[in-house]
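Shown next, in structure tokens, is the structure this report addresses.
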Number of protein chains: 2
Amino acid sequence: MSSRVTGNRVRKAPAERRAEIVEAAARLALTEGLECITLRRVADMLAIRNSTVGHYFPATEDLVAETFGHVAETELSTLISADNEATPTQRLAHFLSLALSAEFHDVNRLWLNARHLARYRPTLRERVIRQGDHWRERLTSLIQSGIDTDEFHTTDAEAVALKILVVIDGLSADLNADPRFPTTVQQMAVDLAETELHLAPGTLRHTP
Amino acid sequence: MSSRVTGNRVRKAPAERRAEIVEAAARLALTEGLECITLRRVADMLAIRNSTVGHYFPATEDLVAETFGHVAETELSTLISADNEATPTQRLAHFLSLALSAEFHDVNRLWLNARHLARYRPTLRERVIRQGDHWRERLTSLIQSGIDTDEFHTTDAEAVALKILVVIDGLSADLNADPRFPTTVQQMAVDLAETELHLAPGTLRHTP
DNA sequence: AGTTCTATCGGTCACTTGCCCGATAAGCGG
DNA sequence: CCGCTTATCGGGCAAGTGACCGATAGAACT
């Protein structure tokens, strides 16, 4: 009758269990939000006791921070692949198209979530700042490589990267609460990038 | 010994008490965030019982939504005064300078807060959308009046308004977690407005 | 096989939350 | 001055939270 399989205690390697927990929390964060990461909900997903989760993360805030960091790190590598044979133009077009696509909506929403929650959780705030730096560095170096190959033209790669990220954040914040946004405005990031980098209009519009 | 003044029951006009409650909640929202609006905290601020607050707002979510709407409405009228003798250029410059000033930080943070919390609270989401429309309308009509007086030049006033608001949201979202932002990027909104409206650089930079 | 370490369990505790209830008293109309 | 409406009180309940504890059982090592 009861679905409870009592006594079936499974003991895993700490690193493996810890990874399991973070991954379950990540699924939760992406679908329901960071505030839904509670000891009991994560434990239920893995069919373990809440005290086991507490054993790996004595302070719940640390689990929340680590979960955000994990997702942000993973998604960044999806947005900007490090060793790619594509040209900087192609890679930037890929970045822009993916970052504002529907399938990336959950990630953008997670950033919004984390930025707000960082107000109350110092550990998370630190992670948000660190990941923000990381994203900015990666986008900056992508732009810089475009400058090196003479595809992009700007004097301050970092400022351009920052501006692009600001626009993406603003768009996803607004889209989060209100989906009725005209496509003209949704192309802001592409337009901004093309203007700032002195590219012909349309250069970044299509994915390779 | 006890600071409790028992039996001192004060009965106020419903409209007055209701306004008191919303105002106390607004103070709370601006300083500590919308999730700190609880029956007991608001009640404590007014030295009344939590059940009294519950009497006026049977669902706490309604108090949260109304509080946000109240603040957003009030602050909008600070940003854009309706019957002003100033020129559209002066009014837009005032808007931009105030919207990104330090003293407006709390309001921007409240917007971020509301946009995120709207995910869980349908009533609040409705309010966020409505207020978003309201801000956009007001900024659009300000730009339109500038077009009429031949100060601004653009074909789509609403699109420009939307873009300006997107940039402001993105900037305040990023500034919320990370205050180390270069001033070049903080001028994004001004630069964007001047470019989109075909104004000479620097036109919107100073407050009248 | 025996020993040791610790991952995991099962349960508890104190706290906060929103919501609800009956009792009381303030103010108004008659 | 009386009676009615209802704003306000005082208290309580159930649900959910993070943190904590001692007991147990896997697994590695001798």
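Labels below follow one simple rule: chain letters A, B, ... track the order of the sequence lines, proteins then strands, and each chain is numbered from 1. Side chains are part of it too, since the values below use all heavy atoms of this structure and drop only hydrogens, waters and symmetry mates.
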Measure from CZ on A/R9 to C1' on C/dT6 and round the result to the nearest Å.
11 Å
Please identify each residue that fulfils side chain to side chain donor-acceptor pair (under 3.5 Å) with A/R109, with sequence neighbours left out.
A/D106
Whole-Å gap separating P (D/dC9) and CG (B/L46)
10 Å
With sequence neighbours excluded, what pairs up with A/F152 under the ring pair (Phe, Tyr, Trp, His ring centres under 6.0 Å) test?
none
Find out whether B/R180 and A/D133 are in side-chain contact, i.e. whether some heavy atom of one side chain is under 4.5 Å from a heavy atom of the other.
yes
Sub-4.0 Å heavy-atom contacts from residues 12-30 of chain A onto DNA chain C, ordered by number:
A/K12, A/P14, A/R17
Pairs: protein N or O with nucleotides 18-20 of chain C N or O, under 3.5 Å:
residue: C/dG18; atom: OP2; partner: B/L39; partner atom: N; Å: 3.3
residue: C/dG18; atom: N7; partner: B/R40; partner atom: NH1; Å: 2.9
residue: C/dG18; atom: O6; partner: B/R40; partner atom: NH2; Å: 2.8
residue: C/dC19; atom: OP2; partner: B/P58; partner atom: O; Å: 3.3
residue: C/dC19; atom: OP2; partner: B/T60; partner atom: N; Å: 3.1
residue: C/dC19; atom: OP2; partner: B/T60; partner atom: OG1; Å: 2.9

What pairs of residues pass the ring pair (Phe, Tyr, Trp, His ring centres under 6.0 Å) test when at least one of them lies in residues 35-80 of chain A, not counting sequence neighbours?
A/F68-A/W111
In whole angstrom, give the distance that lies between atom CD1 of B/I48 and atom C1' of D/dT8.
9 Å
Ignoring hydrogens and angles, does a donor from either the side chain of A/R49 or the base of C/dT8 sit under 3.5 Å from an acceptor on the other?
no
Can B/T123 and B/E61 be said to form a side-chain hydrogen bond (donor to acceptor under 3.5 Å, both in side chains), step by step?
CA-CA 7 Å; B/T123 312; B/E61 183 183 344; 3.0 Å; yes
Give a yes/no answer on whether the side chain of A/H55 brings an N or O atom under 4.0 Å of OP1 or OP2 in C/dA7.
yes
Whole-Å distance, B/D44 CG to C/dT16 P, equals 11 Å
From CZ of A/R11 over to C1' of D/dA27, roughly how many Å is that when rounded to an integer?
6 Å
Checking B/N108 now: which residues fulfil side chain to side chain donor-acceptor pair (under 3.5 Å) with it, not counting sequence neighbours?
none
Applying side-chain hydrogen bond (donor to acceptor under 3.5 Å, both in side chains), run through A/E35 and B/H116 and close with a yes or a no.
CA-CA 11 Å; A/E35 29 274 286; B/H116 165 65; 3.1 Å; yes
Heavy atoms of A/R91 and A/I80 approach each other most closely as NH2-CG2, 3.8 Å
